[in-house]
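Here is the naming used below: chain letters follow the sequence lines, and residue numbers restart at 1 for every chain.
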Amino acid sequence: MTIFNRLLTLAYISLFFASTTLAQTDLRVSGAEVGFPVAVPALCFAEKASGEEDPEKQLAELIAKNLDFSGLFKVINPASFVETSSRCLGPEETAYSDWSVIGAEGLIRGEIKRTGFTGGNYEAKLYLLDVSQQKAVFGKRYEFESRDIKRVANRFTNEVIRFFTGQPGMFGSKIAYISKIGRFKELFLMDFDGSNQRQLTYDKGLVVSPSWSPTADKIIYTSYATRTPELYYISPEGGSASQLTSRDGLELGAEFSPDGRSILASASLAGLTNIVQMDLRGKVTRQLTKSGAIDVSPSWSPDGKNVAFCSNRSGGPQIYTMSLDDISRPKRISFTNSKYCTSPSWSPRGDKIAFVCRSAGNQIFVSDPSGQQLVQITFRGNNEDPNWSPDGRYLVFSSDLGRGGARNVVVFSILSGTSRQITFAKSENSQPAWSPIIE
Amino acid sequence: MLTIRLLTLSLIILFVSACSSFGKGGSGSSDYGVGEGNIPLASAGEELLDVNFAFDSAALNSSAQSVLKANSSWLQENDDSKIVIEGHCDERGTAEYNLALGERRARSVYDFLRSLGVESSRLSLISYGEELPLDPSSSESAWAKNRRAHFAIK
């Protein structure tokens with residue numbers, strides 16, 4: 001099968017997801033094999049000095065790891081490679097039979113060389129090749145310092161993802177999350193794959209409900225740093241936080257609007273938790289719910305016109321949506337058998353809402369914004385705090401199903417229907433919030 | 001629709017951008033002393049008994065109301081005392097909703113104490129949701145203990 005045919009297949013599968021009009025009920029949660037077999041051999045490093053680091057291997061390994069993480073590809077084990085030439089082959093000289101014989105349909109290869117006189121500066125040329133058509137599909141050239149090698153791998157992976165699906169990839173994005181340290185909870189940040197974990201707050205209290213600004217320059221959250229819960233934001237680079245609110249009562253679950261100009265949160269007004277809109281200085285500009293019930297966890301639709309939230313106005317908590325143009329009649333959209341549904345997250349493509357329902361533990365469900373096309377994603381343990389990747393292809397959530405039973409962060413691929421634990425804390429990691437696309 | 005694209009060798013230069021520097025070099029291994037911090041240690045009430053709730057409820061049943069009547073008598077005898085009403089939940093719900101529910105529980109208690117004549121200037125309230133369980137185990141009896149309003153004397 002040619003890459004072209006496989007592209008049609010992958011593009012078609014992607015349509016399940018991209019389209020809001022197709023009557024699809026299938027989110028492919030069954031673990032379907034859609035992996036496109038691809039080989040990623042080490043790059044050719046023509047004038048490598050002895051004792052020099054191995055960017056030719058690192059880059060190939062990072063790209064292979066990304067492709068495997070994507071759920072779109074089956075990365076062929078390098079142990080089965082048979083390529084016989086020891087020369088540095090350009091894309092036009094590739095011995096394609098060496099790759100078709102091991103089942104590769106795609107091949108990523110390239111060359112790397114040092115630039116300048118000092119070490120650590122490189123130029124890499126990377127190519128995607130179609131093995132059955134025996135030709136190169138595209139190539140990219142990168143100049144970089146060795147410490148940016150991961151960014152090069154992320155950028156090239158995003159080019160490959162874009163070629164196969166027509167949509168940008170999420171490689172390079174980050175995930176903010178809450179980690180338990182002793183009896184406190186603090187804000188942390190990591191790369192999309194769980195690597196590069198670092199602590200952002202040192203509040204010695206409770207930090208909850210992180211969420212990103214649309215340009216990824218701020219993370220907003222609630223902290224008990226002053227012993228009462230207030231909203232703050234902090235740069236993902238760290239540094240000191242800015243306090244947004246200092247009112248009595250709880251301000252919680254803040255989310256920047258898609259245009260970055262306002263904030264939705266729940267706030268206690270006269271002792272009742274309602275959804276409010278705030279300006280960027282934390283001043284309440286509009287009260288969106290007045291039900292007398294608990295209204296909490298707002299999530300914007302990506303066009304900024306609608307809000308999903310959790311309310312117990314009909315007894316137990318359920319998921320509702322409302323238009324910001326008409327807040328008088330919120331519509332319930334969670335219709336599972338559960339009396340307890342919370343934590344809605346509207347997908348960046350606008351066509352799905354993920355939420356949690358108690359159903360033998362807390363489980364993740366996904367439906368369209370009207371509550372139709374309901375799919376249950378998890379079935380065992382406790383799975384909470386669902387949040388979408390910026391490309392809408394993955395859900396991140398916390399789960400106690402992994403190794404050791406501690407709550408940790410899990411990424412679920414919508415396309416492959418498989419999940420992958422990305423943190424391994426012995427205490428607890430929870431409330432993951434995926435950043436917008438960052439390259 | 002997708003088509004095979006021509007081989008293009010595009011030039012992308014990655015500008016060197018300073019890698020993020022993080023204020024305290026944090027790698028997630030900070031240790032804090034047990035007593036310090038901005039949240040209290042979970043404890044059961046002594047002078048003022050805790051009040052318990054049903055799952056996903058902020059309603060005060062008759063035994064909760066009896067406890068609150070006793071607590072209000074204590075507050076009348078100790079009329080210079082001020083208290084913080086803490087609302088707590090069990091672990092079974094989800095974190096954000098539980099913070100709102102904990103606040104609702106604290107509010108129910110606040111309103112009841114006010115109806116018994118306790119001055120509002122002596123009362124404040126805060127929710128800790130499911131974050132400060134009295135009993136961290138996962139059992140019906142632990143959950144029942146953890147669904148509580150607790151009274152901290154200022």
Side-chain angles (χ1 to χ4, degrees), chain A residues 4 7 11 125 130 136-145 147-148 151-152 155 163 166 179 181-185 188 197-199 202-206 208-209 224-228 237-239 249-250 252-253 266 268 271 273 294 296-297 310 316-317 340 342-343 356 362 384-385 430-431, chain B residues 1-34 36-42 55-56 58 91-104 106-107 110-111 124-129 131-132:
Chain A
F4 184 67
L7 286 182
K125 290 176 185 166
D130 181 335
V137 179
F138 70 80
K140 297 282 172 188
R141 189 171 76 88
Y142 303 89
E143 285 179 14
F144 61 100
E145 282 186 48
R147 68 179 179 187
D148 286 327
R151 297 177 66 196
V152 174
R155 284 194 178 202
F163 175 79
S179 191
I181 300 181
R183 64 191 194 92
F184 302 133
K185 289 189 172 178
F188 277 67
Q197 299 180 359
R198 57 226 120 128
Q199 187 171 353
Y202 296 82
D203 290 356
K204 297 186 179 180
L206 274 178
V208 295
S209 303
Y224 286 59
T226 60
R227 299 180 181 242
T228 58
E237 309 289 321
L250 186 63
L252 186 64
S266 59
S268 327
T273 312
I294 292 174
V296 74
S297 305
C310 166
Y340 188 110
T342 64
S343 315
V356 174
N362 291 323
E384 298 174 20
D385 319 314
S430 63
Q431 304 191 10
Chain B
M1 211 53 240
L2 293 171
T3 54
I4 300 283
R5 295 154 198 200
L6 293 174
L7 173 65
T8 55
L9 191 64
S10 62
L11 179 83
I12 296 179
I13 308 234
L14 279 186
F15 287 103
V16 179
S17 67
C19 270
S20 320
S21 58
F22 289 88
K24 305 191 181 172
S27 61
S29 57
S30 312
D31 283 318
Y32 300 126
V34 172
E36 57 179 313
N38 296 313
I39 49 173
L41 290 160
F55 178 71
D56 190 27
E91 65 178 3
R92 287 176 299 165
T94 54
E96 207 163 287
Y97 178 80
N98 270 342
L99 280 165
L101 178 62
E103 180 157 275
R104 184 57 63 99
R107 187 77 202 184
Y110 175 96
D111 290 343
S124 56
L125 51 86
I126 192 166
S127 173
Y128 294 108
E131 310 295 342
L132 300 177

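- Here the side chain of B:Asp56 pairs no donor or acceptor atom with the backbone of A:Gly316 at under 3.5 angstrom.
- Annotation: side-chain hydrogen bond (donor to acceptor under 3.5 Å, both in side chains) contacts of B:Asn98 (sequence neighbours excluded): B:Glu130.
- Between the OG1 atom of A:Thr273 and the CD atom of B:Glu103 there is a distance of 5.0 Å, given to the nearest 0.5 Å.
- With a 4.5 angstrom heavy-atom cutoff, A:Tyr340 touches chain B only via side-chain atoms.
- Rounding to the nearest 0.5 angstrom, the gap separating the CZ atom in A:Arg227 from the CG atom in B:Asn38 is 5.0 Å.
- In this structure, chain A has no heavy atom under 4.5 Å from any part of B:Tyr110.
- A distance-only check finds a donor-acceptor pair linking the side chain of A:Asn362 to the backbone of B:Arg92 [under 3.5 Å].
- When heavy atoms are compared at a cutoff of 4.5 Å, A:Ser268 approaches chain B by way of both its backbone and its side chain.
- Closest heavy-atom contact between A:Val296 and B:Ala100: CG2-CB, 4.1 Å.
- Between A:Ser343 and B:Thr94, the shortest heavy-atom contact is OG-OG1, 3.8 Å.
- For A:Ser179, no part lies near chain B; criterion is any non-hydrogen pair under 4.5 Å.
- B:Ser124 pairs by the side-chain hydrogen bond (donor to acceptor under 3.5 Å, both in side chains) definition with nothing, not counting sequence neighbours.
- One finds the CG atom of A:Leu206 at 8.0 Å from the OH atom of B:Tyr128 (value rounded to the nearest 0.5 Å).
- Here the closest non-hydrogen pair linking A:Phe184 and B:Gly37 is CZ-CA, 3.6 Å.
- B:Leu125 does not touch chain A: none of its heavy atoms, backbone or side chain, sits under 4.5 Å away.
- Ranked by heavy-atom pairs shorter than 4.5 Å toward chain A, the options B:Ala95, B:Ala58, B:Gly93 are led by B:Gly93.
- Checking side-chain atoms of A:Arg183 against main-chain N and O of B:Ala42 turns up no donor-acceptor pair under 3.5 Å.
- Taking every heavy atom of both residues into account, A:Val208 and B:Glu131 meet most closely at CG1-OE2, 4.3 Å.
- Both the backbone and the side chain of B:Leu99 come within less than 4.5 Å of a heavy atom in chain A.
- Side chains of B:Glu96 and A:Thr342 form no contact here, defined as non-hydrogen atoms less than 4.5 Å apart.
- Contacts with chain B were tallied for A:Leu252, A:Thr228, A:Val356; A:Leu252 has the most, counting heavy-atom pairs under 4.5 Å.
- Top candidate by heavy-atom pairs under 4.5 Å with chain B, chosen from A:Pro317, A:Ser297, A:Gly205, is A:Pro317.
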